[in-house]
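See structure below.
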Amino acid sequence: MGILHLKYILNKYNIITILVIMVIYLFSLLINILNVQTEDVVEVIRNTYFYNVTLILKLVVIILIVFVIALSSTNYQESYQLFIISSRKERVKFYLSKILVLFIITTLIILILFTMFILVGLIGSKWFVIEEKHISFFVFLELNSFMYGMFTYNLIKLLNNLFVVIIPCFIVIFEEAFMYSELTKVISYVFPIIENGINPTMSYGIIHVIILIICYIGIGLMRCYTLDIK
């Protein structure tokens, strides 16, 4: 089933969207590294470059993953399951294998973005070094992006309407715009946020976002198991 999932997930619209985001991201990296004030202390230069990049990525990557998962999860895009599913067991296998493929795709996208960040830093400057906080941030970003993706997947299955992507996108933008508000603190219980800073942290910790991912996957699993076989 994995090959079938890849074929329908990586449709031309998703591929074009991913490539466009990658190009925009590359230009933003180059602009950031060229605009850093080289007369500052080396530590300040490194932190400024990293901080500017994280501001861009937190919004762009989560929205990208939401769109990739949404565009591959409508009933039309999953119509191929009608030809390979004849029992609840196969339906569950279909669902779990697709979730696995979506996670792998999310991981590959994050790895490419991380590699671009490292290469631009190493090639474009003499002061860049790979730090533990860089790896931590991209791990946070992957988990948070996938969590939003699973939430979107369930919305698509519930309403079968692509316009529902507005909901997670609005939540992401709202939380970033009002990061330290009391309302954001409440919302982040269900939609964790990567908090700004020289050393980024995940609100309520990494275990919290993993539990949410498991919950969203579980909701989807219950739905696909209880549906009638058609």
Please list, chain by chain and in numerical order, all residues satisfying side-chain hydrogen bond (donor to acceptor under 3.5 Å, both in side chains) with Asn52, sequence neighbours excluded. Asn32
side-chain hydrogen bond (donor to acceptor under 3.5 Å, both in side chains) partners for Ser181, two or more places apart: Thr184
Looking only at non-hydrogen atoms, find the nearest pair between [X] and [Y] and report the distance.
X      : Y      : answer
Phe140 : Met202 : O-CE, 3.5 Å
Val66  : Pro168 : CG1-CG, 3.8 Å
Phe191 : Glu175 : O-OE2, 2.8 Å
Asn161 : Ile156 : O-CD1, 3.6 Å
Pro200 : Ile194 : CB-CG2, 4.0 Å
Ser188 : His208 : O-CE1, 3.6 Å

When rounded to the nearest 0.5 angstrom, what distance separates [atom1] in [X] from [atom2] in [Y]?
X      : Y      : atom1 : atom2 : answer
Leu119 : Phe114 : CG    : CZ    : 10.0 Å
Leu96  : Ile217 : CG    : CD1   : 8.0 Å
Phe138 : Leu113 : CZ    : CG    : 6.5 Å
Arg223 : Leu158 : CZ    : CG    : 8.0 Å
Leu55  : Ser28  : CG    : OG    : 11.0 Å
Phe151 : Ile219 : CZ    : CD1   : 9.5 Å

Evaluate the criterion side-chain contact (heavy atoms from CB on, under 4.5 Å) for residue pair Ser125 and Arg46; output intermediate values, then yes/no. CA-CA 10 Å; Ser125 73; Arg46 291 172 183 164; over 6 Å; no
Whether the side chain of [X] engages the backbone of [Y] through a donor-acceptor N/O pair (distance < 3.5 Å, no angle test) should be reported.
X      : Y      : answer
Asn154 : Tyr216 : yes
Tyr25  : Leu57  : no
Thr201 : Glu195 : no

Listed pairs under 3.5 Å, donor-acceptor, residues 104-111 side chains, sequence neighbours left out:
unit_1 : atom_1 : unit_2 : atom_2 : d
Thr106 : OG1    : Leu102 : O      : 2.8
Thr107 : OG1    : Phe103 : O      : 2.8
Thr107 : OG1    : Glu142 : OE2    : 2.3

Could you please spell out the steps behind the side-chain contact (heavy atoms from CB on, under 4.5 Å) verdict for Val53 and Phe117? CA-CA 8 Å; Val53 171; Phe117 169 74; 3.9 Å; yes
Are Asn144 and Lys58 close enough that some pair of their side-chain heavy atoms sits under 4.5 Å apart? no
With a 4.5 Å cut-off on side-chain heavy-atom distances among I, L, V, M, F, W and Y, is there a chain of contacts connecting [X] to [Y]?
X      : Y      : value
Val186 : Val190 : no
Ile65  : Leu100 : no
Leu34  : Phe128 : yes
Ile166 : Ile63  : no
Val23  : Ile56  : no

Kindly indicate, with the supporting measurements, whether the criterion side-chain contact (heavy atoms from CB on, under 4.5 Å) is fulfilled by Ile112 and Ile18. CA-CA 11 Å; Ile112 293 172; Ile18 292 171; over 6 Å; no
Centre of Phe137's six-membered ring, under 6.0 Å away, within 45 degrees of the axis: is that where NZ or CZ of Lys133 sits? no
Who are the side-chain contact (heavy atoms from CB on, under 4.5 Å) partners of [X], not counting sequence neighbours?
X      : answer
Ile214 : Ile210
Ile24  : Val20
Val120 : Leu26, Leu29, Leu30, Ile33, Tyr49

Hey, mind stepping through Lys185 and Phe178 against side-chain contact (heavy atoms from CB on, under 4.5 Å) and telling me if it holds? CA-CA 10 Å; Lys185 289 181 181 178; Phe178 303 97; over 6 Å; no
